[in-house]
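Here is the structure we will look at, set down as structure tokens.
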Amino acid sequence: MARTPIVAGNWKMNLGRTPARELLTALKGSLAGIEGVDMAVCPPAPWIGDAADILAGTKIGVGVQNVYWEAQGAFTGEQSAAQLAGVVDYVIIGHSERRHVFGETDEATNKKLKVVLELGMQPMLAVGELREEREGGRTNDVLRRQLLAAFDDISSLPEGFIVAYEPVWAIGTGLTATPEIAQMTCADIRAIVAERYDEDTAANCRIQYGGSANAENAASLMGQPDIDGLLVGGAALQAESFTKICQAAAATR
Ligand code: PEP
């Protein structure tokens, strides 16, 4: 079965309210005619309401960059998955900046993944190796550990489940993985999903590549058989480049 590509923009902690609203409005226009690809933006949490309002009635989904697993309570500064259910469509879980800047553990990604699946939102589960792990030949071990830990006690994955393969050394550095390296690693991820669940689940799983993806390299990355989408940071902050990336993703399927 063909997998619908998914391109998402991770705005990280960028853009004030006015430029965020301008970008959302521009994307509402520029992405309108693109078919055959799921598209989403993940603005900073304060602008989620603006995104939901501006993009209402469009095919552009809204995602958040992080959630907490408890539904409510004395957790200052956190936003719960329960609060976001019905407001957003997608949730990035386990982004490398959460893992490496904020010390998020594999156990935490598992708790987040469970609650997001239970509440019917679409997780984008981010995994990826550090440069020294790749250079030390440990990429597969790291990805296996991150994936199996995230999947702990989760008996099945919904169709179209999204994994974002994001080599940490390629994020925000301008060092994109070559399409060949990205393909090989995404195929390894699919094999780990097959081992943990089954061939059907793996075949339905959508694997994004993320790490300095841009309008110039999107087509060659999307041309790889195991790459089903892109998670885009810097290049998602301009309507023109994000639109070209979505167009490239649509053109490759
Ligand atoms: C990201 O933040 O997930 C990302 C891939 O960033 P960039 O495209 O800027 O490398």
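Order of appearance sets the numbers: ligands from 1, and atoms from 1 within every ligand.
Between the Lys112 side chain and the Pro123 main chain, no donor and acceptor come within less than 3.5 Å of each other. The backbone N or O of Leu143 sits nowhere less than 3.5 Å from a side-chain atom of Glu129 that would complete a donor-acceptor pair.
By the salt bridge (Lys or Arg N to Asp or Glu O under 4.0 Å) test, Glu166 is found to be paired with no residue, residues two or more places apart in sequence or in another chain being considered.
Residues with a heavy atom under 4.0 Å from ligand 1: Asn10, Lys12, His95, Glu166, Ala170, Ile171, Gly172, Gly210, Gly211, Ser212, Leu231, Val232, Gly233, Gly234.
The minimum heavy-atom distance between Ala239 and Leu27, with the atom names listed, is CA-CD2, 3.8 Å.
A salt bridge links Arg190 with Asp228: at least one charged nitrogen is closer than 4.0 Å to a carboxylate oxygen.
Below 30°, between 30° and 60°, or above 60°: for Tyr68 and Phe75 the angle between ring planes is between 30° and 60°, a tilted geometry.
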